[in-house]
Amino acid sequence: MAKRSLAMQFDEVVQAMLVSLRPRPEEAPDGDLVPLVRVAQALRDLPREEFRAALKSDLQRRASMSEGTAAAPRPSPKEVHYLRPGLTSITPYIIVRPAAQFIEFLKSAFEGTERMRMPAPDGSIMHAEVSVGNGAIEVSDGNEEYPTSPAAVHLYVDDPDATYARTLQAGATSFYAPTDDHPSGDRWGAVKDPFGNHWYIAKPRGWTPGPEGLRSVQPYLHLREAHKMIPLMETVFEAEAMGVHKSPEGAVLHATIRIGNATLEIDEAHGEFQPMPCHLHVYVPDTDAAYARALEAGATSIEAPRNAPYGDRAAGVKDAWGNSWFIATYLGK
């Protein structure tokens with residue numbers, strides 16, 4: 001294969017800087033590009049137009065408060081378009097290696113559609129997005145700072161038997177085939193893919209989803225002392241516990257938690273389904289407020305809030321279970 005031109009290499013480096021939750025590359029693939037990359041890095045974080053407007057508004061608000069004038073009320077979540085187009089309030093961010101092969105698995109097993117891929121200078125995938133049903137999976141290759149971390153995901157599909165069969169053809173191994181005897185009442189099967197991720201494949205039985213319908217992609221957290229996660233999410237993300245089923249001893253057998261327009265599920269780790277600390281991308285109306293609440297609730301900081309060059313107000317925290325939450329508010333194009 002012919003060596004890529006310096007112009008092509010530099011274009012890839014700049015694009016990689018502009019998209020991803022992960023750190024931007026510090027070196028260009030060719031030594032001759034180092035001076036240009038340093039210039040690009042210096043320009044990358046200059047204030048965007050949205051940031052200047054927000055700063056002006058905030059300074060005006062502070063000035064009015066110092067003069068004894070009440071500040072205007074903060075807009076409610078319904079008034080703020082804080083979700084990045086194409087993503088819901090909660091999206092699994094799965095770090096695997098090699099990510100390119102994982103994307104092919106998502107396409108083959110779940111009829112996923114790759115809608116975005118940003119390569120790193122070494123050819124690995126810095127950031128990618130694959131739509132599955134009406135949801136999405138975000139993907140990147142593992143590295144030293146962000147090692148691979150398999151996750152568990154509950155998928156609602158039209159035909160769990162056909163989907164289950166495709167996962168096996170794509171290399172997954174079975175926990176159990178789809179059955180109508182699952183405690184949830186749904187037709188439900190489960191597999192483990194070649195990268196260590198768990199997929200719970202289901203279709204509703206005996207109940208009707210609400211007017212908003214079902215989210216195809218729902219992260220599933222197996223936790224120790226899962227009952228403590230519910231108040232944490234209620235505090236940090238203003239979440240709503242929609243259904244909590246406990247054992248007589250108080251262990252969470254299953255709970256569905258709504259954040260914004262999406263849901264995730266939790267239960268007490270058991271049997272083959274042990275804790276799998278993972279990464280979750282959560283869009284909220286106010287990143288700074290959610291980040292502050294997370295720290296007050298005992299989470300540790302991964303990254304303080306900042307205006308990211310890809311158009312989000314972004315921050316990161318890690319909870320007591322080891323899960324990483326990338327918190328974001330979409331600022332606009």
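All residue numbers in this chain count up from 1 along the given sequence. Bear in mind the structure is a predicted one, so any value in this text is a computation, not a measurement. What you see below is based on every heavy atom in this structure, not just the backbone, and it leaves out hydrogens, waters and symmetry mates.
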Taking [X] for the side chain and [Y] for the main chain, is one N or O donor matched with an acceptor at less than 3.5 Å?
X	Y	result
Arg187	Ala202	no
Trp321	Arg224	yes
Asn323	Cys278	yes
Ser131	Thr113	yes
Thr235	Pro231	yes
Arg205	Asp186	no
His182	Asp180	no
Asn197	Ala151	yes
Lys203	Asp158	yes
Asp122	Ser124	yes

Point to revise | Trp325 and Phe237 aromatic ring geometry - parallel, tilted or perpendicular at 30°/60° bounds | key: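 Ring orientation, 0 to 90° scale: tilted.
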
Review point. Using 30° and 60° as the class limits, which term best fits the ring planes of Phe175 and His198: parallel, tilted or perpendicular?
Key: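 Rings of Phe175 and His198: perpendicular, as their planes differ by over 60°.
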
Taking the side chain as everything from C-beta on, heavy atoms only, tell me whether [X] gets closer than 4.5 Å to [Y].
X	Y	result
Phe110	Thr163	yes
Arg215	Tyr156	no
Leu83	Leu87	no
Val191	Thr173	no

Classify the side-chain pair [X]/[Y] by whether it contains a donor and acceptor separated by less than 3.5 Å.
X	Y	value
Thr88	Asn261	no
Tyr82	Thr287	no
His127	Tyr93	yes
Glu138	Thr91	no
Tyr283	Asp312	yes
Tyr146	Asp141	no

**Study point:** Sidechain N-carboxylate O distance under 4.0 Å for Glu225, Lys228
**Key:** yes

**Study point:** Single-linkage hydrophobic cluster Ile103~Leu155, side-chain heavy atoms < 4.5 angstrom
**Key:** yes

Check your understanding: Do Val284 and Leu232 share a hydrophobic cluster (ILVMFWY, side-chain heavy atoms under 4.5 Å, transitive)?
Key ->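 In one cluster: yes.
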
Practice item. Could you go through the ring-ring contact (aromatic ring centres under 6.0 Å, His included) check for Tyr164 and Trp199 one step at a time? Key: CA-CA 9 Å; Tyr164 172 83; Trp199 301 93; over 10 Å; no

Check your understanding: Quick one: which of His254, His222, His154 gives a ring-ring contact (aromatic ring centres under 6.0 Å, His included) with Tyr200?
Key ->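 Only match with Tyr200 under ring-ring contact (aromatic ring centres under 6.0 Å, His included): His222.
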
Exercise for review: For Glu111, look at atom CD and say whether over 12 heavy atoms of other residues, nucleotides or ligands are found less than 6.0 Å away.
Suggested key: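 No, the 6.0 Å shell around CD holds no more than 12 heavy atoms from other groups.
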
Check your understanding: Got a sec: does the NZ of Lys107 have more than 12 other heavy atoms crowding it under 6.0 Å?
Key -> yes

**Study point:** From CA spacing to verdict: side chain to side chain contact (heavy atoms under 4.5 Å, CB included), Val282, Ile259
**Key:** CA-CA 8 Å; Val282 182; Ile259 299 175; 4.0 Å; yes

